[in-house]
Amino acid sequence: MYDLFRRLLFLPKPGSDVARRVDHLHFFVIGVTFAGAFAVFAVAVYFIVRYRRRGPKQSTPRVVAPNSFELLTGGLLLSLFIAWWVIGFRQYVDIQTPPKDSAAVYVTAKQWMWKFTSTTGRSSVGVVVIPAQQNVKFILTSRDVVHSFYVPNFRIKQDAVPGRYTSAWLRADHPGTYPVYCAEFCGLDHSRMWATLVVVTKQQYGRWLRGETPKPVAKVIEAAPGAKVSSGGSDLAEQGRKAAEKHACFSCHTTDGQPHIGPTWQGLYGSMVTLKDGTQVRADAAYLTESMMDPQAKIVRGFKPVMPTFVGTLSQPDTAAIVEYIRSLRDDTKRPAVALPEVAPVLDGGAP
């Protein structure tokens, strides 16, 4: 029955459990809608026949439904809409909340290509490689206009916005290849902006991270002339440390937990940060990127708004690398701290 509905609606074969749950809700809503439409049509036909005018002097009888019937009908419809909302909201939360053990893949959109970078620094254009049976989080941004990362087989679609980071995640069932599209009209060659998602075994993925190209990936690259793969690279977190050093980030931020002009980066990623107005925000990729590009948007309580904007100074790859470096400091307290320049702390009434 599932496959029949899927074929009738021209849906591609689902590649994950989340995709199947999205389909089930889709089928449920369509099924109930069709059943309701058929019921309304049947009642209309019955009324036409039952209460038709049988002679020129016969008037149409006035029919009044009892209050209990109206309350029952209204209650059933309201319950139905609430059930849809509850199921849909739970699915939305699941889709928007990547599991904590997710492997990260940075995705940069540009007219008209998709570039993917793993945490080991290996990057590719037009082809993204992930392992099967493992949660993978895509951290998305754009270099120019708004694009939309769309993988139909996994029922995920997430906008990639310039100057911001958004995320999407999936857990592929089995190895295979799946198309990736841009679902946002981004320019004249929008239709050429596509890529291929290659799901490999965990062993093959390990080889991919070490700089090798497994056979399934090689086949895709051979069939897609626009696809490119780097031969390897340094660790993305290490690239981020060098980028932070280059842009003098360590003049204000420490990596050993000590407060300075700005908050320390140790343990920052994923933590809840208290802002000047008392509200809290999670320090994820989106927050860190906003803090670099628009530092006055969210001032951390206890620190003065002295950080300049890095718009036009930090490239998207450097921004992603710095975010990955901060992420690497989340649980790693053994990483050697970066030497701090001798600058007097500029705290505003004590650090949080």
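Quantities reported herein were computed from a predicted structural model and do not represent experimental measurements.
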Mind jotting down which residue pairs meet the salt bridge (Lys or Arg N to Asp or Glu O under 4.0 Å) criterion with at least one end in residues 157-185? Sequence neighbours excluded, please. Arg20-Asp173
So, do Leu170 and Leu197 sit near enough that their side-chain heavy atoms are less than 4.5 Å apart? yes
Cluster question for you: counting only ILVMFWY and a side-chain heavy-atom cut-off of under 4.5 Å, with indirect links fine, are Met113 and Val129 together? no
Run the side chain to side chain donor-acceptor pair (under 3.5 Å) test on Thr264 and Thr254 for me, step by step, so that the C-alpha distance in whole Å, both residues' side-chain angles and the decisive distance to 0.1 Å come before the verdict. CA-CA 5 Å; Thr264 180; Thr254 68; 2.9 Å; yes
Return yes when atom CG of Leu188 has more than 12 non-hydrogen atoms of other residues, nucleotides or ligands closer than 6.0 Å, and no otherwise. no
Evaluate Thr141 against Ile139 for side chain to side chain contact (heavy atoms under 4.5 Å, CB included), listing each step before the verdict. CA-CA 7 Å; Thr141 190; Ile139 303 172; over 6 Å; no
Drop me the distance from Thr201's OG1 to Gln203's CD, to the nearest 0.5 angstrom. 4.5 Å
Side-chain (Arg122) to main-chain (Phe116) donor-acceptor, under 3.5 angstrom: no
Under the rule for side chain to side chain contact (heavy atoms under 4.5 Å, CB included), what residues qualify as partners of Leu72, not counting sequence neighbours? Leu76
Check whether any side-chain heavy atom of Glu290 sits under 4.5 Å from a side-chain heavy atom of Lys298, and report yes or no. yes
If we only count heavy atoms from C-beta on, is the Gln91 to His24 side-chain gap below 4.5 Å? no
Answer yes or no: is there a donor N or O on one side and an acceptor on the other, between the side chain of Thr73 and the main chain of Phe69, under 3.5 Å? yes
Might you point out which heavy atoms bring Arg155 and Pro12 nearest each other, and give the distance in Å? NH2-O, 2.8 Å
Would you say the side chain of Ser271 lies within less than 4.5 Å of the side chain of Tyr269, judging by non-hydrogen atoms? no
All heavy atoms of Gly15 vs all of Phe154, minimum pair found to be O-CE2, 3.2 Å
Between Leu288 and Tyr165, is any pair of side-chain heavy atoms under 4.5 Å apart? no
With a 4.5 Å cut-off on side-chain heavy atoms, are Val180 and Tyr150 touching? no
Let me check something: do Leu78 and Trp85 share a hydrophobic cluster, defined by ILVMFWY side-chain heavy atoms less than 4.5 Å apart, either directly or through other members? yes
Do Phe185 and Trp112 share a hydrophobic cluster (ILVMFWY, side-chain heavy atoms under 4.5 Å, transitive)? no
How many angstroms lie between atom NZ of Lys13 and atom CG of Asp3, to the nearest 0.5 angstrom? 7.5 Å
Between Glu245 and Lys242 (salt bridge meaning N to carboxylate O under 4.0 Å), is one present in this structure? no
Heavy-atom distance under 4.5 Å between the side chains of Val323 and Met292, does that happen here? yes
What's the separation between atom CD1 in Ile221 and atom OG in Ser124, rounded to the nearest 0.5 Å? 7.5 Å
Using atom types as modelled and distance alone, determine if a side-chain donor or acceptor of Arg50 lies under 3.5 Å from a backbone N or O of Phe47. no
Shortest non-hydrogen contact from Gln111 toward Gly187: NE2-CA, 4.2 Å
Step through the shown structure and confirm whether more than 12 heavy atoms of other residues, nucleotides or ligands are within 6.0 Å of CZ on Arg192. no
Is any side-chain heavy atom of Thr319 closer than 4.5 Å to one of Thr289? yes
Spacing of CD1 belonging to Ile322 relative to SG belonging to Cys249, to within rounding of 0.5 Å: 4.5 Å
Can we say Arg90 and Asp94 salt-bridge, meaning some charged N sits less than 4.0 Å from an Asp/Glu carboxylate O? no
With Phe5, which of Phe28, Phe34, Phe27 fulfils ring-ring contact (aromatic ring centres under 6.0 Å, His included)? Phe27
Consider only side-chain heavy atoms of I, L, V, M, F, W and Y, link residues closer than 4.5 Å, and tell whether Met272 and Leu275 are in one cluster. no
Which pair of non-hydrogen atoms, one from Arg6 and one from Pro14, has the smallest distance, and what is that distance? CD-CD, 3.7 Å
Kindly determine whether Gln280 and Thr274 satisfy side chain to side chain donor-acceptor pair (under 3.5 Å), including the steps that lead there. CA-CA 4 Å; Gln280 287 193 320; Thr274 303; 3.2 Å; yes
Applying side-chain hydrogen bond (donor to acceptor under 3.5 Å, both in side chains), name anything that partners Trp114, two or more places apart in sequence or on another chain. none
Going through the checks in order, is the side chain to side chain contact (heavy atoms under 4.5 Å, CB included) test met by Trp208 and Val217? CA-CA 9 Å; Trp208 163 260; Val217 184; 4.0 Å; yes
d(Ser167 OG, Ile156 CD1) to nearest 0.5 Å is 10.0 Å
Phe149: which of Phe138, Tyr106, Trp169, Trp194 passes ring-ring contact (aromatic ring centres under 6.0 Å, His included): Phe138
SB check Lys219 Glu222 (cutoff 4.0 Å): no
ILVMFWY cluster, Val127 and Leu209 together (side-chain gap under 4.5 Å): yes
Just say parallel, tilted or perpendicular for the rings of Phe81 and Trp84, cut-offs at 30° and 60°. perpendicular
I need the minimum non-hydrogen distance between His260 and Cys252, along with the two atoms involved. CB-O, 3.4 Å
Apply side chain to side chain contact (heavy atoms under 4.5 Å, CB included) to residues Lys115 and Lys110 and explain how you reach the verdict. CA-CA 8 Å; Lys115 182 178 180 181; Lys110 183 188 175 197; over 6 Å; no
Give the C-alpha distance, both sets of side-chain angles, the deciding distance and a yes or no for side chain to side chain contact (heavy atoms under 4.5 Å, CB included) between Thr117 and Thr108. CA-CA 8 Å; Thr117 306; Thr108 303; 5.8 Å; no
Please work out whether the ring planes of Tyr325 and Trp265 are parallel, tilted or perpendicular, with thresholds of 30° and 60°. perpendicular
Do other residues, nucleotides or ligands put more than 12 heavy atoms under 6.0 Å from Tyr92 OH? no
Do you know which two heavy atoms are closest between Val146 and Cys186, and how far apart they sit? O-CB, 4.0 Å
Neighbour count >12 (heavy atoms, 6.0 Å) for atom CG, Asn67: no
Between OG on residue Ser291 and CE on residue Met307, distance to nearest 0.5 Å: 6.5 Å
Arg301 with Asp277: basic N within carboxylate O range, under 4.0 Å: no
